[in-house]
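First up is the structure itself, then whatever we jot down about it.
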Amino acid sequence: MLDNKRAQIGETMTWVIATIAIIVILILSIFIVSFTKDESKEFKTYRNSDLLAVKSLSGYLLTQDEDGTNIYNQLIIDESLNDFNGNLASQIFKRFYKKDYLHAVWLGFDFEGVKIRKNDYFGSRPSDVRGGDISWKFVSFISEEIYFLNKDKYLRLLLMEK
């Protein structure tokens, strides 16, 4: 009977020491990873789309004014932002997306071949983006376009991170 207890004590001690060793190794690896700084920026991932922004843009375009005309139809007819839809867009997109996209939040009409795109509600289109591509400054951005009947002119929501 003594031999059986000694075997159990030895086996238990082995597992206790092994468990303690595993816990120490895990704690050390967590500390090492948390204290190392990521100097490499090439592994930083960027989003290509923001689902919430797409849904917000869709909801914005379906919003109706007092006359019952939705913003999508207003933009097709006027081909520019007016008081109602411009102020509403400014309230929606600047308020909800300014904290996530510190560099720029811009909504307006985009034309092929026109350098300066400006409106009264969002100002000039940020110059860090040229032709839908990232310029030499490595700025991450999300761009959602709504094409109307004219394929050369479209509504663009531009969200830029630093």
Side-chain angles (χ1 to χ4, degrees), residues 23-162:
I23 291 172
V24 168
I25 291 171
L26 287 175
I27 290 173
L28 283 175
S29 64
I30 290 171
F31 279 123
I32 290 171
V33 169
S34 66
F35 287 122
T36 57
K37 291 183 180 179
D38 185 18
E39 301 292 330
S40 169
K41 295 188 183 206
E42 60 189 274
F43 295 112
K44 191 172 182 180
T45 59
Y46 292 106
R47 297 179 287 180
N48 293 331
S49 182
D50 186 342
L51 184 61
L52 186 59
V54 172
K55 296 291 184 184
S56 296
L57 184 59
S58 298
Y60 164 73
L61 291 173
L62 294 174
T63 303
Q64 296 179 351
D65 64 358
E66 308 86 43
D67 300 333
T69 307
N70 64 21
I71 291 176
Y72 180 80
N73 290 330
Q74 288 177 6
L75 294 176
I76 287 176
I77 294 168
D78 297 342
E79 294 188 355
S80 65
L81 296 173
N82 62 28
D83 245 3
F84 172 71
N85 57 38
N87 287 326
L88 180 63
S90 180
Q91 289 175 359
I92 292 171
F93 296 108
K94 283 184 179 178
R95 182 187 304 169
F96 293 120
Y97 297 105
K98 192 65 176 175
K99 65 179 179 179
D100 294 331
Y101 301 98
L102 298 174
H103 191 67
V105 174
W106 187 81
L107 178 76
F109 280 94
D110 224 344
F111 307 89
E112 295 299 325
V114 177
K115 280 189 172 184
I116 298 175
R117 296 160 189 99
K118 185 176 184 179
N119 62 54
D120 295 334
Y121 306 98
F122 291 90
S124 295
R125 179 176 177 241
S127 61
D128 289 338
V129 176
R130 296 186 186 118
D133 293 329
I134 299 174
S135 70
W136 61 273
K137 295 178 187 176
F138 192 64
V139 176
S140 173
F141 73 96
I142 294 172
S143 177
E144 300 295 338
E145 294 92 16
I146 303 294
Y147 290 90
F148 295 102
L149 298 175
N150 184 357
K151 295 291 183 192
D152 295 334
K153 186 176 184 180
Y154 49 91
L155 184 71
R156 173 178 276 184
L157 173 64
L158 188 61
L159 306 170
M160 299 176 69
E161 298 176 19
K162 275 207 167 189

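Below, each value reflects all heavy atoms present in this structure, side chains not excepted, and no hydrogens, waters or symmetry copies.
- W106 is not listed as a side-chain neighbour of M160, based on a closest heavy-atom distance of 4.5 Å or more.
- Annotation: the span from S124 atom OG to N119 atom CG amounts to 8.5 Å, rounded to 0.5 Å.
- Residues L62 and Y72 fail the side-chain proximity criterion, which asks for heavy atoms closer than 4.5 Å.
- Within the model, atoms CD1 of I76 and OG1 of T69 stand 12.0 Å from one another, a figure rounded to the nearest 0.5 Å.
- Taking the side chain as every heavy atom from C-beta outward, L158 and Y101 never approach each other to under 4.5 Å.
- Y60 contributes a side-chain N or O that, together with a main-chain N or O of N85, makes up a donor-acceptor pair within less than 3.5 Å.
- The CG atom of L61 sits 11.0 Å away from the OG atom of S56 when rounded to the nearest 0.5 Å.
- With values rounded to the nearest 0.5 angstrom, D78 atom CG is found 10.5 Å from N73 atom CG.
- Distance check: N82 CG to D65 CG gives 8.0 Å after rounding to the nearest 0.5 Å.
- The aromatic rings of F93 and Y97 sit parallel, their planes meeting at an angle under 30°, below the 60° perpendicular limit.
- The shortest distance between side-chain heavy atoms of L75 and L81 falls below 4.5 Å.
- No hydrogens or angles considered: a donor-acceptor pair under 3.5 Å links the side chains of Y121 and D83.
- Atom CG in L159 sits 9.5 Å away from atom CG in L107 (nearest 0.5 Å).
- Using a 30° and 60° split on the angle between ring planes, Y147 and Y154 fall in the tilted class, from 30° to 60°.
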